[in-house]
Structures are given as C-alpha cells and as structure tokens.
Chemist: 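Here it is: the structure, laid out below.
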Amino acid sequence: MAAVAEGLEPEAAATEDDAQDAVDAVGAVDAEPGDPPLLVGSRLSLDLYPGGCQRLRHLCARQSPQLLEVQFMQLSSHEDPRLLETTLAQVPCSLRHLRSLVLRGGQQRDVLGACLRGSLTTLPAGLSGLTHLAHLDLSFNSLETLPGCIPQMHGLSTLLLSHNHLSELPEALGALPALTFLYVTHNCLRTLPKALGALSTLQCLDLSQNLLDTLPPEIGGLSSLTELNLASNRLQSLPASLAGLRSLRLLVLHSNLLTSVPTSLAHLPLLTRLDLRDNQLRDVPPELLDAPFVRLRGNPLGEAPPALPSPPGTPTIPEMPRLFLNSDLDSFLVTPQGCSVTLACGVRLQFPAGATATPVSIRYRLRLPEPRLVPLGPHDSLLSHVLELQPHGVAFQQEVGLWLLFVPPRARRCREVVVRTLNDDSWSDLETHLEEETPKRLWAHCQVPHFSWFLVVSRPVSNACLVPPEGTLLYSSGHPGVKVTFPPGATDEPRQVYMQVVRVASGELRALLEEPGAAASPLLCLSQSGPPSFLQPVTVQLPLPPGVTGLSLDRSCLHLLYRTPPEATWDDITTQVALELTHLYARFRVTHFSWYWLWYTAKTRVEGLARKAWERLRLHRVSLIALQRRRDPEQVLLQCLPLSKVGVCQGRGVRSGCGGAGAELRASGRPPPPQVDATLRRLLERYRGPEPSDTVEMFEGEKFFAAFEKGIDVDADRPDCVQGRVCFVFYSHLKNVKEVYVTTTLDRQAQAVRGQVSFYRGAVPEDVPEEAEAARHRKGTDSPWMATLPIKLPRLRGSKAPGQGQGTSLSLAPLNLGDAETGFLTQSNLLNVAGRLGPDWPAVALHLGMPYRELQRIRHEFRDDLDGQIRHMLFSWAERQAGQPGAVGRLVQALEQSDRLDVAEEVRAVLELGRQKYEDSIQRTGLAPLDPSASPSPESAQA
C-alpha cells in the first residue's frame with residue numbers, strides 16, 4: 001500500500017455548512033470585524049487568528065458570565081512561552097466547566113509547507129484543578145517531559161501527545177483511572193512505564209514512530225484495549241503477556257526489527273488484523289501463517305538465518321562501503337559486498353550484500369521533466385525530477401533501497417505520495433514510505449528489483465483489491481461511503497481493480513452553474529486489469545451530494561454522469577441505470593469502469609457543463625514574470641509562478657491578459673498576489689522589471705513557450721530554444737524558471753530598444769502571431785496567447801561599434817574543454833560564458849584557483865577592456881586545464897560559488913545536449929543499443 005501523506009491541512013475550500021455556522025453564530029465576543037466569532041455556545045475558538053492569549057486574558061479579566069458555560073476551548077500554542085503559561089494559569093478559575101482543552105501547534109508552516117511545532121514545553125500546575133476535563137490535546141508542541149499536572153487529572157479520558165519530543169512517560173501516568181485514548185506517536189520514547197498496565201479502561205494506544213526496543217510485560221494487563229499501534233519502532237521481540245489482551249481487535253507492528261512473534265497472538269478471540277510487515281521474521285507459527293487477518297509482506301520468510309558470530313581471532317567482515325559521489329562522477333561500481341551510495345543530486349541507494357553476484361557498474365542521470373518522461377493522471381502532480389538508473393532491466397538478486405527527495409505537496413488531504421517507475425513499457429506505482437529528515441527535507445523510500453526511470457508524484461489516494469470469482473467488496477479509505485460490490489460470478493479469473501476518489505466543493509459547482517442549490521458528489525474513478533467488462537453487473541455506491549437526502553430530493557434534478565473513454569466526453573446515463581436511493585447514498589449497477597459523478601441541479605443538459613467543471617478541477621492559477629538583472633540588463637529571468645489550485649468558482653472571471661506593459665514593479669495600484677509578491681521580494685535585490693502578468697490558468701504538464709518580439713532575440717545556442725523561442729513545461733510544484741540572454745540587431749547607440757516577451761500555449765509553431773493580433777484572440781485556456789511583458793535594453797554608451805563581435809581583439813587557439821562522452825565546451829561556448837560574466841569575473845577566477853597576483857596582471861594589461869579581461873582570464877585557465885579530467889565540473893562549481901547559477905545552468909544544458917548528441921552518434925553506428933529516451937526534446941532542457 002502506498003504511503004499516504006496524512007492530511008495536516010484543512011480543506012482548501014470550506015464547506016458551505018461551516019461558513020453558515022460562523023455567520024449564524026450567537027453569543028460571539030471580542031472577535032475582530034470580519035473574523036469568525038470566538039465564543040459560540042459552549043465552544044471558545046482562539047486558534048483561528050494570532051493573539052489568542054491576549055484575547056483569552058481580556059475575557060478572563062472581564063469575568064464574563066459566558067465563560068462559565070464554556071466546555072470546549074481551542075488555543076494555538078504558537079505564542080510566547082511565558083505569555084502562554086501565564087494565560088493558562090488563569091483557565092482553572094475562569095473556565096471551571098471545561099471538558100475539552102486543545103493546545104495544538106501545527107497551525108503555522110514553513111516555506112515548504114511543513115507544520116511547525118508550538119512553543120509549549122510545560123503546563124501550569126493549577127490545570128489539575130479542571131475537574132471536568134476529559135479531553136486534552138497537546139500535539140505538535142515541544143514537550144520533552146510530561147507536565148506534572150496531567151497525572152492528577154483523574155477525569156481525563158483522551159490524551160493526545162503526538163509530534164513532541166518526549167523521551168519517556170512517568171509511572172504516575174497509571175493513576176488516570178478513566179483514560180480511554182492515548183496517542184503518543186512521533187516522539188522519542190525508548191521505554192514504557194510499568195504502570196501503563198494499570199490503565200484498565202484504556203481502549204486505544206498508539207505508540208508508533210518512536211524508539212522503543214522492548215515492551216514491559218505489564219502491558220498485558222490492558223484488559224480493555226482494542227487497538228494497539230507500535231509501528232516504526234525498534235522492537236526485536238514481544239512479551240508473552242500480549243496474550244492477555246483479550247479485547248484486542250487491531251495490532252499494528254509493521255516496520256520493526258521483530259525476529260519472532262508469540263504463537264498466542266493467533267488465539268486472541270477478537271483480533272481482526274495483525275500487521276507484521278517489514279520486520280525480520282524468517283519463520284512464523286503456522287497458526288499465523290495461514291490466518292487471513294495477518295499481513296507479512298516485507299519479511300525474509302523462508303530465508304536462511306545469518307551466520308553465527310565468528311570465534312575469537314577470526315577476521316571480522318568489513319563494514320558495507322559508503323560512497324558519496326560529487327558532481328564530476330555519474331557512475332560507480334557495486335560489488336557483491338553491497339554498498340550505500342549518496343549521489344550528488346541527493347538521491348540515496350542501498351545495495352544489500354548479495355544484491356549482485358558479480359561487480360556491476362551503475363550509471364545515473366537526473367533528467368529534467370518533460371511530458372514523454374512524466375506520465376501523470378488527470379489529478380496527479382509531479383514532485384521531483386526524473387531519475388534514470390542504468391543499466392535498464394538488470395534484475396538484482398535482492399531488492400535495492402531507493403530514497404528520492406521530493407517537494408512537499410501543497411494539498412495533502414485524501415492524497416498520497418508514491419514513486420512511479422517504468423517497467424516493461426508501462427508505468428506503475430511502487431509501495432512507498434515517507435521519511436522526514438527535517439521539515440524541509442522529505443524522502444520517498446521504496447524497494448526496486450531493477451533499474452529504470454523513477455519520479456515522485458502526488459495522486460488521489462488509490463485503493464485496490466484482487467477480485468476473485470467468488471466476489472468481494474472494495475471501499476475508499478478516504479471516503480468510506482464510496483463502495484463497489486462485486487457479486488459472485490462477476491469474473492471467471494481474478495483481476496485487479498483500482499479506485500480513486502477526488503473531492504469536489506459544492507460551492508465551485510454552484511458558481512459554474514449559477515444555481516444556489518446545485519451540488520455534486522465526490523468524483524469516482526474506477527479502473528481494472530483484464531477484459532473491459534464484467535460478466536455480472538457490479539454495484540457502485542456513491543454518497544448523495546451535500547445537502548441532499550434521499551427522502552427530500554427531486555429525482556428529476558439528480559444526474560449520474562459517466563466519462564466515456566477514450567473521447568473524454570461526459571454523458572448523462574441517469575435514464576440508462578436504475579438508481580437506488582437511501583437516506584445518504586445512491587447505488588447503481590454497471591459492467592464497465594470509468595469515471596462517475598453524481599450531480600444535483602435543475603439544469604437538464606449537463607454534459608457540456610460537466611466537461612468544463614472537470615477541467616476546472618485540474619487547473620492551476622499562475623502569474624508570469626520577466627525580470628532583467630540590474631547589473632546586466634541582457635540577462636532576463638522568465639518564471640511561471642503558481643498561485644493556488646483553481647476551483648470552478650475561482651476560475652470564473654479570471655483574466656489571461658497582458659500584465660502591466662511599461663510599468664515597473666509596484667508602480668500601479670494593483671498589488672501582486674501574495675505568493676507572487678513573496679518571490680518578487682527575494683528577486684528585487686538583483687532584478688528589476690514590470691509587474692507580473694494577470695492571472696492565467698494552466699494544466700499540470702502543459703507546454704508553453706516564451707517568444708521575444710519587437711527587435712529582441714535570444715543570444716545563445718540553447719537546447720531548449722527553437723528559432724529564438726524558449727520552451728517550458730509547467731509543473732505546479734517545481735521551479736518553472738529559466739534565465740536567458742537576449743540581444744538585438746537594432747542600433748542601441750542611437751536609442752534604447754523597447755521590446756517585449758510574449759508567452760504562448762503549446763509547442764513552438766512555425767509562425768508566432770504578432771502580439772497586437774494575438775491580443776484580439778478570445779482569452780481563456782484554449783487561447784494560444786497568455787501574456788506579454790515589456791523588455792528594455794538600455795542605450796549603449798561605450799565606444800564599441802555595433803558590429804564588433806566578441807573576440808575580435810584577442811586571437812584564441814581552437815580549444816575544447818572536457819570530452820565527448822561526458823560533454824565538452826567548445827571555443828564558441830566559452831566565448832558565450834565570457835560574455836555573461838561581466839563584473840563578476842574576478843570572483844569566478846578566484847574560485848577557479850587563479851592567484852590574486854594574476855588577476856591584478858590581467859586587470860592592468862586589459863585595463864580599458866572589460867571583455868578582454870574576462871576572455872583572457874577564462875581562456876588562459878582553460879588552456880591550462882586541457883586534457884585534465886573534471887575541468888568542466890570545476891568551472892560549474894566556481895560559477896555556483898560566485899552566485900552565477902544562471903550561467904552554471906546554461907553550461908549544464910550545453911553539456912547535456914553534447915552528451916545526447918554523442919549517444920545518438922554511437923547508436924547510429926551500431927555501437928550501443930537504442931535508448932528510447934535518448935532523443936533530445938526542447939522541453940527537457942531547463943537552463
């Protein structure tokens with residue numbers, strides 16, 4: 001099962017019912033104008049906006065009688081620690097009837113979207129006086145020890161302590177006679193108190209993601225325990241006392257170090273699931289091996305045990321080698337001993353001992369994404385570049401561990417992160433586990449039997465099952481109301497079926513249909529392997545649209561929509577199926593699988609509207625920017641900045657027009673969107689230019705290109721440039737940015753050149769329309785033109801004649817730096833690099849290892865010629881490096897250390913193009929097998 005990225009964020013679009021509750025609330029006190037009420041009935045919500053502590057202290061100082069009615073309080077722990085402690089000390093006196101106290105962190109996020117922990121480190125001792133308190137949530141905080149007041153809260157039934165820094169739990173915890181739910185996940189627990197077994201009322205205990213290596217025998221005294229989760233710890237064995245958990249229904253032990261399990265677990269009378277995946281079990285009792293509720297995947301069952309320890313004096317086996325590759329190396333050798341490898345791009349590989357019988361040379365390449373190498377579903381998002389590992393198809397004797405870095409997805413609820421790979425000309429998703437090294441450094445971990453292409457994607461949660469001839473039931477883990485029932489005889493051979501469910505906010509549909517009462521169910525996608533139809537009709541259950549019940553709906557307004565493959569059109573099949581309605585659900589029978597969608601609307605013809613609504617679900621709102629470097633106006637940064645996911649209601653009225661031609665940043669009254677504004681603030685130190693374009697809409701993986709017009713052209717031979725037009729592919733989570741150098745054939749000594757750059761959808765055509773004509777085209781997602789931004793090249797004030805090219809005053813011998821296999825730079829390439837450096841050349845020279853005295857000599861010899869200084873420095877260094885390995889890598893590293901990432905990326909793109917040409921040449925001569933990915937594509941180069 002793929003790793004599900006847990007939903008730590010609220011839904012992007014709040015439900016209509018929640019919004020109405022906030023509007024209709026009574027008894028609101030001290031809320032700012034436009035804010036939701038703080039006090040509604042018996043609920044006090046102080047976690048929605050900053051300053052919750054100050055508001056609570058103000059309420060307590062007023063001694064409002066309404067506080068005596070409060071039973072539920074939420075307060076963010078993202079406050080000053082001393083202020084938070086002082087405020088909480090007033091709670092027992094002012095909120096005497098409090099039953100639920102939520103002091104969570106996690107409401108704030110870092111720049112990558114990861115949850116930040118709150119500042120709470122302890123609780124005032126006076127909180128033990130809350131005699132009615134039954135629910136306490138301290139998740140996502142900075143607790144290192146359990147506050148002393150908690151064991152004195154004898155009425156506490158639910159205690160949530162996940163995502164803290166707890167290393168132990170006190171013995172006094174066993175003094176909570178009413179504790180029913182205890183969650184201490186994602187902490188640092190190494191041991192458990194013996195008194196834990198005294199919690200006779202405890203029903204759910206979650207201790208996953210800790211450092212436990214043993215369990216106390218007293219844990220068998222939890223007579224009421226129904227769920228026990230000990231996943232992702234370091235347990236090597238289990239106490240026999242677990243047989244005393246007679247009420248246990250769920251026992252999760254996956255991702256530990258277990259080498260054995262007690263046979264008595266098979267005799268627990270109520271146990272319905274025992275998860276033992278990813279342990280070190282080589283043998284299990286027969287009673288567990290055949291039990292249908294036991295999961296054993298990822299264990300070395302049946303394998304020989306490791307060799308016994310060697311007697312004294314025997315030479316020890318050396319530890320598995322560890323390799324750390326730098327940017328100059330793209331290959332390494334794996335021996336039967338195995339090794340751990342960290343690539344220069346951050347990818348990690350773990351080759352276990354015996355993975356190969358003979359030494360194997362492994363090559364890798366991190367490819368920039370392009371549509372032919374990035375297979376995405378309609379609602380998928382790409383989170384990483386494409387990793388290619390060679391040789392392709394070589395099967396390892398043991399699976400190899402692979403860790404890929406990825407960008408944290410913005411939407412997490414009901415979505416999961418998986419590694420996607422190419423296998424036998426078809427793409428499939430691997431079982432993936434997520435690991436967090438730091439909040440900004442996330443890994444997708446999987447096991448691979450062979451090498452190919454790998455990438456990380458975010459997709460709607462996928463549920464799958466194998467349908468036998470006897471029939472079965474498949475339901476959605478994210479939407480329990482969505483079910484598919486396969487009757488006996490639906491198939492004569494087992495076949496795999498898959499289910500994905502996409503959430504849809506009803507408010508979006510109302511805006512599209514302009515109908516207040518319209519609503520839609522979740523969007524259901526069903527697919528299968530094998531024949532296209534089933535032998536018997538399959539029953540599908542969908543929840544009715546929000547606000548609609550089977551007792552009050554008008555059947556004429558209910559529409560069941562079916563997406564017809566492969567035309568991708570939506571058909572209304574309401575009259576073709578028999579809809580069975582209950583109070584909350586609609587059931588119907590089908591023999592073919594595709595997309596299904598239940599609408600409630602008074603409109604009669606909804607097929608075309610369904611197509612538009614489905615497109616809106618997949619659109620992203622973006623702004624386009626074009627900035628020029630302050631010290632070098634010929635260097636232009638082009639970027640496509642995603643704002644947020646477009647909903648149907650958000651998309652209406654969004655313009656895709658020209659952005660502020662001729663206006664400097666913030667010169668007009670229209671402020672940029674917040675997401676764009678944050679990026680611009682980081683760029684303004686080095687760049688300047690017009691305001692971003694108006695918002696346009698794009699699909700994930702959509703091609704577009706930038707065309708320079710009105711006398712401006714691209715001044716480089718770039719692999720991503722076709723006839724002076726720079727190619728892009730939009731991916732919402734990746735940096736859609738390129739830096740190019742522009743030139744002009746116009747006379748810049750007479751006056752400045754005022755040109756422009758226009759952005760168009762699709763691949764580069766033979767003819768790009770003029771901007772004036774393109775602006776008259778109908779705007780929208782089907783319009784080729786998206787935006788136009790001004791580019792200004794200032795007037796030249798030097799003495800160099802317009803026609804004077806680079807290098808006319810310096811005689812340079814033919815020179816190639818590098819080699820054909822790894823890519824090389826020609827004399828022309830080096831001249832282009834020299835023309836880009838400008839005043840930054842001394843820093844590059846020093847990082848290349850050139851002595852400062854030589855810099856002074858070059859400055860004096862070419863004291864009136866900046867271009868001569870740069871060319872002489874670069875070519876004199878290159879001549880000394882001729883024939884030496886790693887010279888190009890040192891040049892790229894020096895450019896990066898000098899903060900010239902733009903030139904470094906351009907050099908990488910030239911090297912990649914050279915490598916691809918070299919591979920093409922040896923394939924044409926029959927010296928290498930054909931590689932389906934070897935043909936270069938303009939969209940693949942991101943310089």
Side-chain angles (χ1 to χ4, degrees), residues 1-2 4 226-227 248-252 254 261 265-278 281 284-299 301-302 416 426 428-431 460-501 521-522 524-543 560 562 565 573 576-582 584-596 598:
M1 178 179 176
V4 178
T226 60
E227 295 182 12
L248 198 63
R249 297 178 179 270
L250 173 65
L251 178 56
V252 181
H254 74 72
V261 291
L265 293 182
H267 305 298
L268 292 176
L270 302 180
L271 193 63
T272 59
R273 179 181 173 186
L274 174 58
D275 194 341
L276 295 170
R277 293 175 298 163
D278 298 318
L281 297 173
V284 295
E287 296 90 340
L288 292 177
L289 190 62
D290 299 328
F293 58 85
V294 180
R295 297 187 177 186
L296 292 167
R297 183 175 178 179
N299 285 281
L301 294 174
E416 59 188 351
S426 64
S428 59
D429 293 339
L430 302 175
E431 181 176 352
V461 172
S462 179
N463 298 103
C465 73
L466 187 66
V467 180
E470 296 80 13
T472 188
L473 172 67
L474 174 63
Y475 67 92
S476 170
S477 58
H479 305 261
V482 179
K483 299 180 181 180
V484 181
T485 305
F486 300 89
T491 177
D492 52 2
E493 294 183 358
R495 68 174 73 178
Q496 196 79 12
V497 296
Y498 306 90
M499 170 192 293
Q500 284 185 321
V501 182
S521 72
L524 172 63
C525 174
L526 297 172
S527 58
Q528 62 171 319
S529 62
S533 60
F534 289 93
L535 302 179
Q536 298 289 336
V538 175
T539 303
V540 179
Q541 175 179 292
L542 277 176
L560 179 60
Y562 168 82
I573 61 171
Q576 304 174 27
V577 299
L579 278 176
E580 303 175 8
L581 302 181
T582 67
L584 298 176
Y585 302 104
R587 300 189 183 98
F588 53 93
R589 296 182 178 180
V590 296
T591 56
H592 293 75
F593 274 179
S594 184
W595 292 81
Y596 295 94
L598 201 60

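FYI, side chains are in, hydrogens and waters are out, and symmetry mates aren't considered; it's all heavy atoms of this structure. Residue numbers start at 1 and run along the sequence shown.
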Chemist: Hey, what do you get for CZ (F593) to CG (L524), rounding to the nearest 0.5 Å?
Modeler: 8.5 Å

Chemist: Report yes or no: is the cationic atom of R495 (NZ for Lys, CZ for Arg) under 6.0 Å from the centre of the six-membered ring of F486, at an angle within 45° of the ring normal?
Modeler: no

Chemist: Just by modelled atom types, is the P494 backbone N or O under 3.5 Å from a matching donor or acceptor in the T491 side chain?
Modeler: no

Chemist: Would the distance check show the side chain of T539 and the main-chain N or O of T485 forming a donor-acceptor pair, the cut-off being under 3.5 Å?
Modeler: no

Chemist: Please tell me if the side chains of M499 and V484 come closer than 4.5 Å, counting only heavy atoms from C-beta onward.
Modeler: yes

Chemist: How long is the span from the CG atom in L274 to the CG atom in L250, to the nearest 0.5 Å?
Modeler: 9.0 Å

Chemist: Side-chain contact, heavy-atom cut-off 4.5 Å: W595 with Y562?
Modeler: no

Chemist: I'd like to check L560 versus V577 (side-chain heavy atoms, cut-off strictly below 4.5 Å). Are they in contact?
Modeler: yes

Chemist: Determine whether a donor-acceptor pair (N or O, by modelled atom type, separation under 3.5 Å) exists between the side chain of S462 and the backbone of Q500.
Modeler: no

Chemist: How long is the gap from CZ on R273 to CZ on R249, to the nearest 0.5 Å?
Modeler: 15.0 Å

Chemist: Can you find a pair of side-chain heavy atoms, one from V261 and one from L281, that are under 4.5 Å apart?
Modeler: yes

Chemist: Verify, without hydrogens or angle tests, whether D275 (side chain) and R277 (backbone) share a donor-acceptor contact under 3.5 angstrom.
Modeler: yes

Chemist: Can you tell me how far CD of E416 sits from OG of S477, rounded to the nearest 0.5 angstrom?
Modeler: 7.5 Å

Chemist: Main chain of G481, side chain of Q541: is a donor-acceptor contact present, judged purely on distance under 3.5 Å?
Modeler: yes

